[in-house]
Amino acid sequence: MRSATIAPMSFNPDPTVRAAALRAALQHHAHLYYTLDAPTLPDAEYDKLFQELQALESAHPELLTADSPTQRVIGQVLPGFTSVRHAVAMLSIRTETDTEPSGALSFDGRVRRELELGPDAPPVEYAAELKFDGLAINLRYEAGVLVRAATRGDGESGEDVTQNIRTIGQIPLRLQGVTAAVIEVRGEVYMRRDDFEALNERQRARLQKTFVNPRNAAAGAVRQLDPAIAAQRPLSFFAYGLGEVVGWLLPDTHSGLLDALAAMGVPVCADRAVVAGAAGLVAFHQAMGAKRDSLPFDIDGVVYKVNSLELQRRLGFVSREPRWAVAHKYPAQEQLTRLNAIDIQVGRTGKLTPVAKLEPVFVGGTTVSNATLHNLFELRRKGVRVGDTVIVRRAGDVIPEVVGRVVEPRAAYVPNFRMPRQCPACGSAVLREQGGLAHCCSGGLFCPAQRKQAILHFAGRRALDIEGLGDKLVDQLVDAGVITSLPGLYKMGLAKWAALDRMAGKSAQNIVDALEKSKQTTLARFLFGLGIRQVGEATAKELARHFGTLDALMTASFEQLLEVSDVGPIVARSIQTFFAQAHNREVLEQLRAAGITWAEGAGAQAQLGPRPLLGKTLVLTGSLPTLSRDAAKDLIEAAGGKVSGSVSKKTHFVVAGEEAGSKLDKARELGLVVLDEAGLLALLNEAQPEPPVLSS
Ligand code: IVH
């Protein structure tokens, strides 16, 4: 790790010195954070230094420099981009579309011929690297400071995208230890797959257009005229070469050059190698091919470059392509194929997903015949209909998806796809959720697609708490058809349990005992365990408290449901839909017949007592001396409070125990009330009268 830092802590009141120290520290920590992904300073500390620098710069505008970290997101919406002429043309490289090893052999053969190397001459040394799938950018540094960033354009001139490129945290605004008059760094701006997926998820949630692939998303962000929007698009960068250089003595090799760039703080991909001859190239192509799916970003091939810069000069260029480099492709991650049908898949959680049935096509290294269409809204926006030629993308571990269609006239009228009103797996009513985006099956307990999930949820710790009934056992039960619905659990005798895999000896008895124990529960746990859509643990507790008995809840009108705090029209409708279905009522009856009971009625409500924490949100952090996390949560909720996982301005109290971490820091920062266990217990015992109106 470099040492050029932490001067700001040793305070120098001279604003010029102080500003320079702050800039250096912020640059250092931004590099650790963005490029090396190894931050050593808490975000809040970084923000403090940043704000101090901002304040200094606005008090002393003469101190403002182009490389100041405060200058990343600046500027206004542009009317258009200005064209800039490249000092050195940005050329492209020859592409070897033969994805087999022969592609590497023919490149090595050409290089050896051009260099007039005989069969006995030693193998040529190559620098092998990845071919990133983004867009090429030229970063011009003068005296070490980023002064301009331009796209490739036609190779001779590109567009000035400096203000957008500045928003990319990974790109240094100043090169470390560089005074050279000019260094132009060339590389690829790209978007990581996880950033891309998250961006598309956000776009979907806002009902906005999704991007076809990370490359288009990155290109769109770089060419975004509003830098504030560009700043919200998460971009990354890898350097792979140089443009104009003045006043810097180049290393002898391409690999040495990339090492030098990395030392200046420029992101350089670690997946690169110096290899010998054709055999080395083939091995690299294969190794990266095997790794391709697990890389966090898209590549469409690898690039081989003759490592010696001297040999590169000797080889020169032919028709604007260097003879010393080649891109060796992999099978494409996008392909065209025919959409044969649209099916509906019911997920474990009941979500209905339209799935494209495709004419099988080889994409991203495998044959794909199914691809997701995400949801009805997205399907409609993409305008795909059965019979269309569609674009299928499969990259990495992400499930294949239909990203669009080829717009061509349709031979015949094809009706628009509609979501079914009944679940194709079980016939239960389909509900719309998540602001109308998702269609979900309401037959949780009954639906075969959701059977495993329903049983696991019912058996969960915060529901019926059936110890020992986990994933593997439920898989066996359902896959072997031993049980088809929840009540079946209670009908199995010891012998049946013992006949299952890994259930010999005490295990079967333990499950039987756990099931027996689970029969004595609470209405709230039972309701939560039913997995009614939209009814989480807190809502289940409110419902149990409000109605007191299952029958009262089952017969409640829509208006009566709305009287419960936390229950709005969507939740109310979901509850009514659940109880309206005969098969659900049947399951409830069978569960009660199996002996599941809870204290009902006035008694159950009376137990709840006063609710001193009504309307309050608490956060638990660290371990408390006597209460477990669950016990504390139960107490808080019984007192009407909510437990949240993260600290914000809306948090009323933070309860901190041993080894409390960043949540406690955040609480202090926000000036929140922090309690220990004794403080929490005191709060719970404050028997205040319940406020007449619920605050939400
Ligand atoms: S070298 C003169 N190296 O692929 C050689 N290019 O035509 C200049 N690319 O648009 C290019 N990864 O943006 C080089 N490791 C890599 C690359 C790479 C991606 C892109 C580049 C250009 C195209 C090559």
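Each ligand, and each atom within it, is numbered from 1 in the order the structure gives.
When ring centroids are compared, Tyr190 and Phe238 come within the 6.0 Å threshold.
Residue-level proximity to ligand 1 for Phe132 is carried by backbone and side chain together, each with a heavy atom below 4.0 angstrom. Contacts between Asp133 and ligand 1, counted as non-hydrogen atom pairs separated by less than 4.0 Å, are absent for every part of the residue. Residue contacts with ligand 1, taken as heavy atom pairs separated by less than 4.0 Å, involve Lys131 via backbone and side-chain atoms alike. When non-hydrogen atoms are compared, ligand 1 lies under 4.0 Å from the side chain of Lys305 (C-beta onward) but not from its backbone.
Here is the list of ligand 1 atoms found below 4.0 Å of a heavy atom in Ala136: 13 (O). Which parts of ligand 1 touch Ser92 is read off a 4.0 Å heavy-atom cut-off, strictly below it: atoms 7 (O). Heavy-atom proximity to Glu129, at under 4.0 Å, picks out these atoms of ligand 1: 3 (N), 15 (N), 16 (C). For ligand 1, the atoms closer than 4.0 angstrom to any heavy atom of Leu91 are 8 (C).
Of the options Arg381, Arg204, Glu401, Gln203, a side-chain hydrogen bond (donor to acceptor under 3.5 Å, both in side chains) to Thr210 is made by Arg381 and by none of the others.
Within the structure, ligand 1 has Pro322 among the residues with a heavy atom less than 4.0 angstrom away.
Arg215 places no side-chain N or O within donor-acceptor distance of the main-chain N or O of Asp133, the cut-off being under 3.5 Å.
Every pair passing salt bridge (Lys or Arg N to Asp or Glu O under 4.0 Å) that includes a residue from residues 171-185 is listed here, sequence neighbours excluded: Asp67-Arg174, Arg140-Glu184, Glu184-Arg186.
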